[in-house]
Structures are given as structure tokens and as C-alpha cells.
Protein chains: 2
Amino acid sequence: MSASWTIPTVAMAVDLAVLTVRAERLHVLLVNRGVEPYRGRLALPGGFLSTEDEDIDVAAERELAEETGLDASGLHLEQLRTYGAPGRDPRMRVVTVCYLAIMPDLPLPSAGGDADRARWVPVDRVLGRRRLLAFDHGQIIADAVDRARAKLEYTTLATAFCNPEFTISELRRVYEIVWSEELDARNFHRKVTGVDGFLVATGKRTSGNGGRPAVIYRRGPATVLHPPILRN
Amino acid sequence: MSASWTIPTVAMAVDLAVLTVRAERLHVLLVNRGVEPYRGRLALPGGFLSTEDEDIDVAAERELAEETGLDASGLHLEQLRTYGAPGRDPRMRVVTVCYLAIMPDLPLPSAGGDADRARWVPVDRVLGRRRLLAFDHGQIIADAVDRARAKLEYTTLATAFCNPEFTISELRRVYEIVWSEELDARNFHRKVTGVDGFLVATGKRTSGNGGRPAVIYRRGPATVLHPPILRN
DNA sequence: GCGCGTAATGGTCAGGTTGACGAAAACCGT
DNA sequence: ACGGTTTTCGTCAACCTGACCATTACGCGC
């Protein structure tokens, strides 16, 4: 390094891979890009830091709130990975810290006539056809889905896809849809009720589904599963 | 955002949490900081991007090679997490992408009379006393150790702590030291030899250790462990 | 009210895995 | 040759898993 070397700076962005289970499929929240580059393609919601000293976690929460119109508190939000290959944005050097968010299938407030509103897209529709996506967002979505699939095994992440109160069937559907794998209802029931701290019964029951009413549970204090629920 | 808003840029750094097992303890590679801020404290090796368009993965490999004097190829190197809280560096806004590196206990080429050379420090000596460390590096080391501990369960990461050829005992010592937990040698042997793709026998055997010679293995093609080796 | 379809939940049972530990194998040093 | 040491193989009970039958408890149509 010569004496004239100065510390390089880069544009700092955050992107969000927001996943949910909706209509029996895993979906990711995407926006239509209205500007170049990649105008017209689908992209992850996200953006640059709003000020030079905005915390990146705060920026992620802000973007999530802006894009979904929902309060980010209560939703699962974790850092996924940072993507910083030079050339990933043709305009300039951009390093983006990506976050994985998991939420239940809440109705997105469709406020404002904003044509570029975020919308849910089935993951399997975009993963096969990466040309639909801007930047390296196809790779990011693949990484996010991998992470989510893996974390269902050994953490209680699946409950983040559910409403605050849910049944064991609903939880099982989350596993089945995210993993694309059928699970035996009885064994699954035995397993999840056996892990302690995973589920807390509310005492309430469902009704009107044309079958035996299911006990309604709430998320328990556990965050890791011992033992894990393994895929095949 | 007003019309005069410009994209904020930040100084981009990479830091390395390099772990190894050495003298029956888990160690992390640290340097003595010779400059303010935090002069005199211990810090993770790392530094700013060398140019504005250096890839961050490449920067991590470069720093690793510079600090250890070793070729980074062949060593395990994965992104850990990005730390970007404002104020974590008192000089300016710095966002640092941290990497976790795992290596066997190779002798570090002590080339050059550089007083600030990297050296191995037992993890348990720094984790209790975070005041020894610069910036948020105490937290980063804690995160790195957590990640390593977790990945021993369900990946073949433990082999990255070993030389290319190793015995099952050596592998077991890695687990015991990283987890701070004793494992039964016979059950461990049965387990690791049962997972296929984990270990490949070389046909060679040890000698001169005052016991029955051990079969020497090499890392197999597997990267994930099915089933996992779980902690208690 | 009664049977039927449906979904939730409770069991059973064989097969596999784990943890605790005995024992044999194969070397070293003396 | 013998005791010490380390590796490797075996055994056995406890536990866990996957497959699957049975029971419970509802809504619905008649």
C-alpha cells in the first residue's frame, strides 16, 4: 500500500428474502423493478442504507416495514449472508447484507396505488427460471430456502410461518410444504408434542373443519429442537 | 428521500476468526493492535478491502494468507456474519464481513521480525475477559465458536481441524476439545465409521504411540452427516 | 337421531440407533 | 514374556423411528 492509499468505500445495501407458506406453496416476497438496471425483472425488496450511520439490522427492519406495511417486530428476521462480488450491480460497487425473514400468511396491506408493490411469488416458479430475477437474487433466494429448510430440522423456526395460535396439522403442513415431503401425521404429532418447550397448549380447540377438533397451541419458549426433526 | 440524497457509502472490511485445536485446547488466531484505536489490545486479523473492487471472499483469502503466511487454498473458509453497528469503530463507519476459518495446527511461518505477528490464543482465555479484545471482536469470537460447535454436529467440519491424514482418535479429540465434552471412544468409532463418505481408510497405520496402531483415514466426499453426531 | 366421511390423536410393534461397558487385538518399553 | 496403553470389536438394554391399526370426536345429510 502506497502512502496515497485511502480506505475504499462501497455502497451498502440490505435485501430481504421474506418467505411464507401460502396456498399450499412456499412463497417469496418480490417486487417488480421499475428502473434500470434489470428494469421489469423481479427483485428482492431492499435498498441502500438511509443514512451513513444507520445500523444494518435497523435498515433491514425498516425495509421490511416499508415493503410489507407491517410492523417488523414479532416477525422472524435473521441475517442470511452478505453478497459482495464486484460487478453484481453494473452501476457501481454494491455490497448487500441479506436477511431471511419468515412470516405467516398475513394479508399485505395493499395501501397506496403503488404499481410496484411487493407481491408473493411461489418459490418454485422463480428458482427454475433465474432469468426472471434481477442481480444475483436467484442465488440469494436459493440460499434463503436452503437455510429455512435446514433450520426446520433443528430449531423451532417452523412456528414463525404460523399465526400466533396454530394446530399441529398447520405446523405439519409447514414442514411438508417447505421440505416438499409428506410426513406421517401420527408420528409427527408424537414427535412435536414430545419436545418440551416447543408447543404450549392454549386449552382451546378448533371447530368446523369436518373432523375431530384439534388442540390449539402457541409457540413455546424453546428455540432449538432436541432431538431434531430430520428430513430424508 | 430528498432530491439531494446520495447513496451512503461505508468503509468495507473483512475480519477472520481462525480456529485450530492446539495443545489440547481450542485456539483463535489474534494479533496485537499496534495502532489506535484499541492500541495494545488483541484483535482478529483482518483489514479493509485493498481496492474498491476487490471481491470480499478474495479479500478474506488474501488476509488469511497475509496473516498466517499460508496458502489459503485447502483451508476451510466460510462467511460467518456481517457486523455493522454504527459506532463499533470509533473512527468512522466500518462494516466488516467476518469469516470463520478452520485449520489444523500447522506451524505458522514466523517470517519477518514483525512484532505484531499473529499468534494463537486459547479461546477460553479471551472469552471470559472481553476487555482484552478490540472492537466487538469478543462477540465475533463467541459467534465463531458457536458456529463451529454447531457445525460439528451435522457436517464433516471436524476434519478441517485435522491434517490430511488422521486417525479416529485425533478426530475424536477435536470433538471433545471443541465441545468440552468427553466422548466414548468405542461408540464414537462405531458412529463415524458408520456414516458413509465421512472417512476413507488409506490402508496405512500409525506406529510408535504405545498402543495398538490406529488405521489412518483421509477425509471422504461427504460434507453433511446423516445422521448427525449430537451433543448433550 | 343415525350413519358416514373426515381429521386428530392414541397405540402397537419391528427395526434401527444410542449409551454404557466388557473384552480382545496389537503395539511399546522393560 | 509381561504389564501398560490404545484401538477395535461385541453385547445388551433403553430409546427412537417409521409404518400402520384403532379410537375419538366432530360436521353433514337424511
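Being a predicted model, the structure only gives us computed values, none of them experimental. Below, chains carry the letters A, B, ... as their sequence lines are ordered, and counting in each starts from 1.
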Item checked: Residue met sooner reading DNA chain D from 5', once A/P228 and B/Y217 are mapped to nucleotides -> B/Y217
Check: B/R205 has an atom CZ; how far is it from atom C1' of C/dA25, in whole Å?
Finding: 10 Å
Checklist line | Sugar-phosphate only, base, or nothing, as touched by A/T193 at under 4.0 Å among non-hydrogen atoms | finding: nothing
Note to self: Could you tell me how far apart B/R172 (CZ) and D/dT6 (P) are, to the nearest whole angstrom?
What the structure shows: 10 Å
Note to self: Side chains of B/Y99 and B/D57: any donor to acceptor distance under 3.5 Å?
What the structure shows: yes
Notebook entry, point to check: What's the verdict on ring pair (Phe, Tyr, Trp, His ring centres under 6.0 Å) for A/Y217 and A/F166, showing C-alpha distance, side-chain angles and the deciding distance?
Noted result: CA-CA 5 Å; A/Y217 291 89; A/F166 56 88; 7.2 Å; no
Notebook entry, point to check: So, does the side chain of B/R190 form a donor-acceptor pair with the base of D/dG10 at under 3.5 Å?
Noted result: no
Next item on the list: Answer yes or no: does a side-chain N or O of A/H189 lie under 4.0 Å from OP1 or OP2 of C/dA8?
Entry: no
Item checked: Whole angstrom value for the distance that separates P of D/dT8 from CG of B/D184 -> 14 Å
Note to self: In this structure, how many angstroms lie between the C1' atom of C/dT9 and the CG atom of A/N209, rounded?
What the structure shows: 15 Å
Check: Between D/dT17, C/dT18, D/dT23, which nucleotide has the shortest distance from any of its atoms to the side chain of A/K191?
Finding: D/dT17
Note to self: Under 4.0 Å, counting only non-hydrogen atoms across every strand here, what does A/G194 touch: a base, just sugar-phosphate, or nothing?
What the structure shows: nothing
Item checked: Selection from C/dT18, C/dC27, C/dA8 that lies nearest to any side-chain heavy atom of B/P213 -> C/dC27
Check: Roughly, in whole Å, what's the span from CG in B/L183 to P in C/dT18?
Finding: 13 Å
Notebook entry, point to check: Pick the nucleotide of DNA chain C nearest each of A/E170 and B/L230; which residue has the one closer to the 5' end?
Noted result: A/E170
Note to self: If you compare every side-chain N and O of A/S169 against the phosphate oxygens of C/dA8 (OP1, OP2), does one of them come in below 4.0 Å?
What the structure shows: yes
Checklist line | From CA spacing to verdict: salt bridge (charged side-chain N to carboxylate O under 4.0 Å, His left out), A/E176, A/R173 | finding: CA-CA 5 Å; A/E176 291 180 334; A/R173 290 303 295 154; 2.4 Å; yes
Next item on the list: Nearest whole angstrom, please: distance from the C1' of C/dT18 to the CG of B/N232.
Entry: 11 Å
Notebook entry, point to check: Rounded to the nearest Å, what distance is computed from the CD atom of residue B/E182 to the P atom of nucleotide C/dC21?
Noted result: 14 Å
Check: Cut-off 3.5 Å, side chains only: do B/D105 and B/T20 have a donor facing an acceptor?
Finding: no
Margin query: Once you measure the plane-to-plane angle for A/F135 and A/H137, does it fall in the parallel (<30°), tilted (30-60°) or perpendicular (>60°) bin?
Written below: tilted
Check: Rounding to a whole Å, what distance do you find between B/D196:CG and C/dT17:C1'?
Finding: 16 Å
Item checked: Donor/acceptor link under 3.5 angstrom from A/R212 side chain onto base of D/dT24 -> yes
